[in-house]
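Reading through the structure tokens given below for one structure.
Throughout, a chain's letter reflects where its sequence line sits, starting with A, and its residues are numbered from 1.
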Amino acid sequence: MKNTLSLMWKMKWVAVATLFIEMLILLPAYFVLFRFGEKSLAVNLAVTPVGSSEHITLLIDAISNNPAFVYGILVLVLALPLLFLSKMALAAGTMASAQQQELKLSLWLSNAGRNLFPALGLFLRWLIIPIVLCGLAAVAMSFTDGTVKKVFIAVLVIAWLFSLSWFSFALNFTVAREKKALIRGFGVLRKNINRFAVTAAIFVAIGGFIKLMDFSYFSANSASETGLGFAIAGALMLGLATRLLILFWQTSHVEGWRKVTS
Amino acid sequence: MQALQRIVLLIGVLCTSSAMASALRMPGPHTDRVHHTHIKATLDAEKHRVDATMTLRWRNTTDVTLNEIPFHLYLNAFSRTDTIFMKESNGGRLRGDSREGDDQDKFGYVQVTSVNNANGDDVSQRWMTDGDVATYTLAQPLMPNEEVTLNIAFTSQLPKVFARSGHNGDTFNFVAQWFPKPGVFYKGKWVNHNYHANTEFFSDFGNYDVEITLPSDYLVGATGYLVKKESQESLTTHYFQAEDVHDFVWTADSKFSEATAEWNGITIRLLHQTPLSEKSIQNQFDAAKASFKWFDEKVGAYPYSTMTLVQPPENAGGAGGMEYPTLVTTITDLDYSEYMHAAAMVTIHEIGHNYWQGIFASNEFEESWMDEGINSYTEGRIMSETFGQENILQFAQFSVDMPTMHHVRTAQTPTLDPVKTHGWKYVSRAGYSTNSYSKPATILNTVERVWGKDKVDQLLKAYYKRWAFKHPATQDFIAIAKEIDPSMARYLNDAITTIKNIDFEVKSAVSGKKQVAGGYTFNDDGSDPSFSKPEKGEGFVHQVTLVRNGELHPPQVDVLLTFEDGSTETRQWQADDTIPWTKWHWESDKKLVEVMIDPEFKVLLDKDFSNNTKRVAKQGNQSWRWAISLLQNIQHAFSIALPL
Ligand SMILES: [Zn+2]
């Protein structure tokens, strides 16, 4: 854990850089939706609090009388493939840099570029794992109810995290340009089952906390007294927290991989 | 001694139960009882077929001599693919359910096999069937107040249910619109329309005695009151009696379970599917009781002693959400949920029909808004006022109440027909449903918010007092409104009988520093004009242009003005009847930052609320910032689900 944290600290600028790259990709969508809101949805939040029936009335009336909202969503949807590809590339770049135990942003980006297609290939082959594992859990879930159903919902979540962990270990082999990444990734996962448990638990706990903060940020941001400054500061802080959490997941999997293979 | 006690007790119970037991909770007659209908029906549970004989005593309560009586043969709507019903429903697609294929068991019919007069003479040559209607030509003219008796034998083959009546291919039978039912002689002519996809109800009040024989393991629900049951071998006959109702429906299923509750002399019976949680059952009874309580207080008494709620099985969804006198169907999914209140809402809606359709018995064929529309309005009030559930949808801090839902539907449907239009003459199905449900509800919600709830309450009470059991029409409703408030009646009339619209808009709003005028000033003595520079003065000048797009505006509407220091002022805007815009020009010492028409959302008929607000200054409310947090939430959820 100490090693993971120190590796994470070495890689800290990855979180900041990724946050800004993602925001840049999503900027057009934010911009169009913001313009739509300013022009068509001039709501007085003191009179129509967010979420109230009146607010929803305004929102729906604005959407049905101005196509800008639909365009905003369209821009968002169009940005998603680009977002996914860059996430994939940057994750691979992060792994490669983390394996070298040092971060140079230019090297990180070139690692990202070099490893995009191998990482994508791995992702596509890996997909079968969550489809099978989560599919089984989902089938079991749909045939049960009550407490048993809740157990299977938990199993479903664990199956997903397990699959993700498998992918993250396998990605280490891919960026190291070694063959049979999926199979060897599983080998590493098996030897790191304790690390998986701890990492997943921390990830879920902090991830849950961030989502909770997200909701209260949403509520605070929806009140009429809060300002735009708070909105931007809050967005940046929560975005950074999310990126750091993901960096923790990634570095933990590099550490686990390094321990087994070196 | 003990035996004697038991006998005394038994006699006591028998006496009280027979004294109390009646189809009516408020002693009748409440209506002119045009007919007495006695039916003996036997269900063939395998074939989903009902064989029946019916004795109809029909009295001419009009002041005209009649030569014929038209009848509905509703089930024939399901007999072929080229009936009016099938064509209007796009081959049998209606209310979220559809006909499942072309096999014989998917179709149904009603066939009159014999017609005899009171003496038992065969008069079937006087009976002319034409699809889902028929005409009986009287042997001699029927004078006012005279009565005619007909003995009709008929077979009703139930279709596989997709629209209201039918069976589910298994044990569930919903036997609605199943017997030859006379039309109504109304305002000087017969009203006996075909069964249309959208509209079907209009009939005269009378009394029913119906004997239903079927396998003993079937539970039966029906209009009215169960007088007795008699079993013979594997069959049981159920004797039902209903008074002052205009229709008779029944249902039978060997898989029903039953629960009952009581509310002020009304026995509420739930025939439900199993399993159904206690909470869900209680939710249904709560919904029913909330309805009865509200109507009792706000409209008038429920005269009947029974109400049966029927939950159709999942594969008979087409039978769900329907209304018949003292028997209604719920939706198939009655599971209680904290977020969605559809299961209660539909039950409240259908029970409401027992007033707007059951007791008032308007011509639903031609003026469906008087039934569905008033009902959609009162259902919203029951949900919030007595059921304690203002919102139909609720998630986290988001909620949607009924008036909002109806406003959105109304605003999104182009206004191409008046609300008051014959059910099958609207431009589209959406036109029918908005004009029959959401728009009249929105009209009444608007009237409630503009003229006040008290006036609407007065209107509903007076309407019941004057028109219960009397088939009122649109103008009867408006005439009562006129006695309460002429401007309210005018508004109702415009909203219901025309295609007038309303969309308020703040066209422009400007607010700037006051100018002290400058320039040349001419002097009396003829010397050169003196010059002073124009200057900025103290205080601000505001100019606001308000527009009403459309004529359907109430006498006045509020306008909320917000100033730079956060202070507000509400002004009344009396829109002009001839010129659609109004310009306000005034001065004050604070800068105006925002103008909002109708800040309390009173005029829910407004086609677009989003143009009701205009901001003078950008620094007003950075309202859209909540969108940032929404997108953030989504983005983080993605990132955490797939940690890349
Ligand atoms: Zn209805």
Side-chain angles (χ1 to χ4, degrees), chain A residues 22 26 29-30 33-34 36-38 40-54 56-62 64-66 76 84 87-88 90-91 160 164 168 203 207 210-211 214-215 217-219 221-222 224 226-228 231-232 234-235 238-239 242-243 245-246 249-250, chain B residues 390-405 407-408 411-412 503 506 560 562 566 568 594-596 599-601 604 606-615 618-644:
Chain A
E22 289 190 355
L26 289 175
Y30 276 78
L33 287 172
F34 194 86
F36 160 76
E38 281 295 303
S40 301
L41 197 72
V43 228
N44 185 331
L45 289 180
V47 182
T48 60
V50 170
S52 66
S53 280
E54 287 78 12
I56 288 175
T57 302
L58 278 173
L59 185 62
I60 295 174
D61 282 1
S64 43
N65 286 288
N66 186 335
L76 182 67
F84 173 74
K87 272 174 180 288
M88 185 59 78
L90 294 178
W160 177 245
L164 284 174
S168 300
F203 186 79
I210 290 176
K211 281 317 289 172
D214 263 351
F215 282 122
Y217 164 68
F218 180 85
S219 296
N221 216 9
S222 306
S224 61
T226 348
L228 193 62
I232 292 169
L238 283 167
T242 310
R243 286 316 318 172
L245 178 67
I246 290 162
W249 174 274
Q250 290 167 335
Chain B
E390 200 176 341
N391 300 318
I392 173 69
L393 280 172
Q394 190 143 23
F395 179 73
Q397 67 186 125
F398 289 90
S399 56
V400 176
D401 62 14
M402 303 278 289
T404 297
M405 186 189 82
H407 154 78
V408 167
Q412 298 202 335
D503 175 19
V506 184
L560 178 73
T562 307
T568 58
E594 190 184 88
V595 180
M596 186 176 191
E600 287 173 63
F601 291 68
L604 284 167
D606 195 330
K607 276 276 182 187
D608 177 7
F609 275 101
S610 74
N611 60 4
N612 286 22
T613 310
K614 195 117 203 163
R615 262 192 239 134
K618 269 260 184 289
Q619 69 268 33
N621 285 289
Q622 294 130 336
S623 59
W624 191 242
R625 64 174 181 268
W626 68 273
I628 299 178
S629 33
L630 188 66
L631 287 174
Q632 280 276 308
N633 265 283
I634 297 171
Q635 196 187 339
H636 296 166
F638 275 137
S639 295
I640 291 172
L642 182 67
L644 285 176

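- If you measure heavy-atom distances from A/S52 to chain B, the contacts under 4.5 Å come from the backbone alone.
- For chain B, the nearby part of A/Q250 is the side chain; its heavy atoms alone come within less than 4.5 Å.
- Residues A/W160 and B/L642 approach most closely at CZ2-CD1, 4.1 Å, considering heavy atoms.
- Annotation for A/D61 and B/A411: closest pair OD1-CB, 4.3 Å, computed over non-hydrogen atoms.
- Taken to the nearest 0.5 Å, the CH2 atom of A/W249 stands 12.0 Å off from the CD1 atom of B/I640.
- For A/K211 (side chain) and B/N633 (main-chain N/O), a donor-acceptor pair under 3.5 Å exists by modelled atom type.
- Around the CZ atom of B/F398, the shell of radius 6.0 Å holds more than 12 heavy atoms that belong to other residues, nucleotides or ligands.
- The candidate from B/D608, B/V400, B/V408 with the greatest count of non-hydrogen atom pairs under 4.5 Å with chain A is B/D608.
- B/H636 approaches A/G239 most closely through the heavy-atom pair NE2-CA, 3.4 Å.
- Residue B/T568: no heavy atom, backbone or side chain, is found under 4.5 Å from chain A.
- For a residue to count as touching a neighbouring chain, one of its non-hydrogen atoms must lie under 4.5 Å from one of that chain's; by this rule B/N612 does not touch chain A.
- For A/F84, the part sitting under 4.5 Å from any heavy atom of chain B is the side chain, from C-beta outward, and nothing else.
- Residue A/L164 touches chain B through its side chain alone, counting heavy-atom pairs closer than 4.5 Å.
- When side chains are defined from C-beta on, A/I246 counts as touching B/S639, because their heavy atoms get closer than 4.5 Å.
- Contacts with chain A were tallied for B/T562, B/L631, B/T613; B/L631 has the most, counting heavy-atom pairs under 4.5 Å.
- For A/L26, the part lying near chain B is the side chain, with the backbone staying farther off; criterion is any non-hydrogen pair under 4.5 Å.
- Heavy atoms of B/Q632 lying under 4.5 Å from chain A belong to its backbone as well as its side chain.
- For the side-chain contact (heavy atoms from CB on, under 4.5 Å) test with B/S629, the passing option among A/L238, A/D214, A/N221 is A/N221; the others fail.
- For a residue to count as touching a neighbouring chain, one of its non-hydrogen atoms must lie under 4.5 Å from one of that chain's; by this rule B/L560 touches chain A with the side chain only.
- Checking side-chain atoms of A/S53 against main-chain N and O of B/D401 turns up a donor-acceptor pair under 3.5 Å.
- If you measure heavy-atom distances from B/Q635 to chain A, the contacts under 4.5 Å come from the side chain alone.
- With contacts defined as side-chain heavy-atom distances shorter than 4.5 Å, the pair A/I60/B/H407 does not qualify.
- Neither the backbone nor the side chain of B/K614 comes within less than 4.5 Å of any heavy atom of chain A.
- With a 4.5 Å cut-off on non-hydrogen atoms, A/T48 touches chain B through its side chain but not through its backbone.
- Looking only at side-chain heavy atoms (C-beta outward), B/N611 and A/N65 stay at 4.5 Å or farther from each other.
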